[in-house]
There are 2 protein chains.
Amino acid sequence: MARANVSALRKSALIAATVDQIGKTGSLEVTVSQIARKAGVSSALAHHYFGSKEQLFLAAMRAVLSEFGNEVRAERSGLVAPRDRVDAIVRTCFSPTNFQPEVVAAWLNFYVLAQTSDQAHRLLRVYQRRLHSNLLAELRPLAGPDAVQVAQTVAALIDGFYIRQALRNESLDATASIGLVTGYLDAILCTTTHHREAQRA
Amino acid sequence: MARANVSALRKSALIAATVDQIGKTGSLEVTVSQIARKAGVSSALAHHYFGSKEQLFLAAMRAVLSEFGNEVRAERSGLVAPRDRVDAIVRTCFSPTNFQPEVVAAWLNFYVLAQTSDQAHRLLRVYQRRLHSNLLAELRPLAGPDAVQVAQTVAALIDGFYIRQALRNESLDATASIGLVTGYLDAILCTTTHHREAQRA
DNA sequence: ATATTTATTGATTGACGAGTCAATTAAAAG
DNA sequence: CTTTTAATTGACTCGTCAATCAATAAATAT
């Protein structure tokens, strides 16, 4: 059983340390040395593996994004009712791993990074599109012609609650956020919701 | 008619330049020299008047916040129906001045600044509280016991659309954003909305 | 064993930028 | 006028940090 690539270990340690450090300090103004120290290696090694600070940031972003994607897929699997699948997506957004203050703070900073880095911008777009089309697929049968707008609204809502979490708005935790998003959905899909309630009764 | 304080002129020029520069570059990593150059003065003068880069940033934030507050007040004045007043607030959020890409980008960066600066954090909180209580005052008669949640949702929605604007999501301009927020309100206040429609008919 | 590639670092470089300061100019006061 | 006070700057300091590099250690291959 050959011991796995050391390089892969180091890389992922550095990536994790990057997210963590950005999240903890709430800023992109973290030094490569800080990150490397947290990962238990020298800053030179970080440069060796990633080439530049920006590339390290991008790798960290990719990691967060793909982790999020995986969770969505996992949470949604098995569910077949469109509304349940939408709720699964929403729940995932506010799951303990994704809605951790550090991760949310990192997200916020990735948004900022996207303002200056084309690659970051592209990554974020990919994520947004994917979220949007995921939502849309489930909302089509629920909201018909309004589906696009509902999907846009849900996506914006989620980002809005993320910002609040980043600012540590005590009054809005994950549960409350989920409640407000589903509350919106209940209201906007009132016809369909009534159907659901009828079915349950 | 004594010519106004030179110092006030310089200060406001520097503040405007700060917002502009942060907005244009989409980052807090702007140099005092860049800002000063844009304002037509030396960087030493910026330090002379503001003491530090952070204080300059905070002054810029205060300016944006208070400009926003003034606009809200102006736009809302004269309207008496709660729903109209809510709509006025929403409209102001997406008014040409406030929803300019540069200003929105500056906002986003102020959110980031609030992660590392207590003063910035406090400023943002004041703004958030004020917006919330403004919304709440109007929503109480419209949504009764749900008013708090509706206000929180509206506030989050607005922030969500701001993020989208910061990312230059072509598909969502000011008009579309206003439409989606009011769409939400129409749906959530459906009882009241029906009353309104009935009144109009 | 030896050669070759990979992992790893300490030390260094070079740039950049916030903040200071002493000096200069302009305005205000007396 | 002269003196005091405010406005303004260029030049400088000092720290920080990304990125490089040469050197060493460890692993892999031959």
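All values below come from the heavy atoms of this structure, side chains included, with hydrogens, waters and symmetry mates left out. Chain naming here is simple, since letters A, B, ... match the order of the sequence lines and numbering starts at 1 in each.
A donor-acceptor pair under 3.5 Å is formed between the side chain of A:N109 and the backbone N or O of A:A105. No donor-acceptor distance shorter than 3.5 angstrom exists from the side chain of B:S117 to the backbone of B:A114, with no hydrogens or angles considered.
Of the residues in residues 107-114 of chain B, none has a non-hydrogen atom less than 4.0 angstrom from any atom of DNA chain C.
Here the closest non-hydrogen pair linking B:C93 and B:N98 is O-CB, 3.8 Å.
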Would you give a per-nucleotide map of nucleotides 17-23 of chain D, 5' to 3', where B means the base has a protein non-hydrogen atom under 4.0 Å away, S means only the sugar-phosphate does, and - means neither? SSBBB--
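B:V103 has its side chain out of reach of B:E67: every pair of non-hydrogen atoms, C-beta onward, lies at least 4.5 Å apart.
Contact check, A:R10 against C:dA7: no side-chain N or O comes under 4.0 Å of OP1 or OP2. In this structure, B:Y49 reaches the D:dT8 phosphate: one of its side-chain N or O atoms is under 4.0 Å from OP1 or OP2.
Rounded to a whole Å, the CG atom of B:L14 is 13 Å from the P atom of C:dA18. Taking atom CG of A:L45 as the reference point, atom P of C:dT6 lies 14 Å away to the nearest angstrom.
Every pair passing salt bridge (Lys or Arg N to Asp or Glu O under 4.0 Å) that includes a residue from residues 112-138 of chain B is listed here, sequence neighbours excluded: A:E170-B:R125, B:R85-B:E138.
Here B:K11 pairs with nothing under the salt bridge (Lys or Arg N to Asp or Glu O under 4.0 Å) rule; sequence neighbours left out.
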Using residues 58-65 of chain A as the side-chain source, report each donor-acceptor pair under 3.5 Å to any protein atom, sequence neighbours left out, with the distance given to one decimal.
none

Donor-acceptor list for residues 26-36 of chain A side chains, cut-off 3.5 Å, not counting sequence neighbours:
from  : atom 1 : to    : atom 2 : distance (Å)
A:S27 : OG     : A:E29 : N      : 2.7
A:T31 : OG1    : A:S33 : N      : 3.4
A:T31 : OG1    : A:Q34 : N      : 2.9
A:Q34 : OE1    : A:Q21 : NE2    : 3.1
A:Q34 : OE1    : A:T31 : N      : 3.3

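In this structure, B:F50 reaches neither bases nor backbone, as no heavy-atom distance under 4.0 Å exists between it and the strands shown.
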